[in-house]
Amino acid sequence: MAVPWEEYFRLALQEKLPAKIPEQSVDHFPPVLRLLEKRQELVDADRGLQAQKEVFQTTRAALKERWEQLEQKEQELQGSFVRFDKFLKDTEARRSRALRRAAQERLRADRREAEARRLRAQFEELQRERARLRCRLERLEPCARLLGRVREQLPEFQEVPELVARFDGLVDMQAALRLTERQRLAELEEARARLQRLRDAGQGELLGQGQRRAQLLQRLEAARERTLRWESKWIQIQNTGAEKTLLLGRTRIAALNLFQLVCRHKMHPPALDIEDTEGQLEQVKLFILDLSAMLASLGQAKPTPAC
């Protein structure tokens, strides 16, 4: 941190000025001498300060020059660093381009090698095809001579290819007819199989209908048996009902007769309806209870015979 000039000179002046004058010397010097002495001290201090100022100026100039040199060297180093960095980048870029070119060259070489292998394989295949065609030509040479003689016998065909085309047409027609025949045979077999399935299904349906008919007949017979059984039960119920009705009629007549006897005994006219059997029986019951009580009271009042 830089120190201001005023502060620097003040500190230097304090260093040059003597310390506190001893008190014992104040009385020995007159004021003029003390003033001269102070002036001389100021002159000496001014000289010392001027010398220090010159030294400081010199040092400051040297330091400034040194600083400028250092800044210049720093700029040069920065330029060197930039150039070196650029050199490294250029070198890396050239190296990358060289690697890419080498990779591309290797790729092109591999492609050319693969293309060469493919062409060699194709050439070998063509050679084999040529040999095969040559063998086929040698094998078909008698057929060609035969076709030539046939063409001579058939003047409607001008060239052998026409005869071969006609023969190919006939062969294709024969193949189409055979294919149609196979299709028709397949359809016929399918129709026969469908007819057999229908016959089997019809027989199964007939068997099922017969079984259902037998089951229905069994159910009909069982229903008839149940009908006869219920009819006999109904007749029995009707007979029982008639007997019960007859018994009920007799019971009602007997109850009515008893009620009329009770009424004649009491000499009261019948006060109940003829159909009120329960009321009649109740009156008969009350009469019997009264009669029983009367007989009981008579039995108690009968004197005992003397011994």
* When you check the side-chain N and O atoms of Glu205 and Gln209, is any donor under 3.5 Å from an acceptor? -> yes
* Ile288 and Leu295: same hydrophobic cluster, using ILVMFWY side-chain contacts below 4.5 Å? -> yes
* Asked: Salt bridge or not for Glu113 and Arg117, using N-O below 4.0 Å?
  -> yes
* Asked: How far does CG of Leu207 sit from CZ of Arg212, to the nearest 0.5 angstrom?
  -> 10.5 Å
* **Salt bridge present between Arg108 and Glu105 (N-O < 4.0 angstrom)** => yes
* Would you say the side-chain atoms of Asn239 and Glu243 include a donor-acceptor pair closer than 3.5 Å? -> no
* Answer yes or no: is there an ion pair linking Arg178 with Glu181, defined by an N-O contact shorter than 4.0 Å? => no
* Structure fact -> Rounding to 0.5 Å, atoms CG (Leu177) and CZ (Arg184) come to a distance of 11.0 Å
* To do: Mark yes or no: Lys64 above the aromatic ring of Trp67, with NZ or CZ under 6.0 Å from the six-membered ring centre and no more than 45 degrees from the axis.
  => no
* Full working for side chain to side chain contact (heavy atoms under 4.5 Å, CB included) between Glu124 and Arg128 -> CA-CA 6 Å; Glu124 293 175 357; Arg128 288 192 294 271; 3.8 Å; yes
* Identify whether the distance between the nearest side-chain nitrogen and carboxylate oxygen of Glu76 and Lys73 falls below 4.0 Å. => no
* Asked: Taking everything shown except Glu278 itself, do over 12 heavy atoms lie less than 6.0 Å from its CD?
  -> no
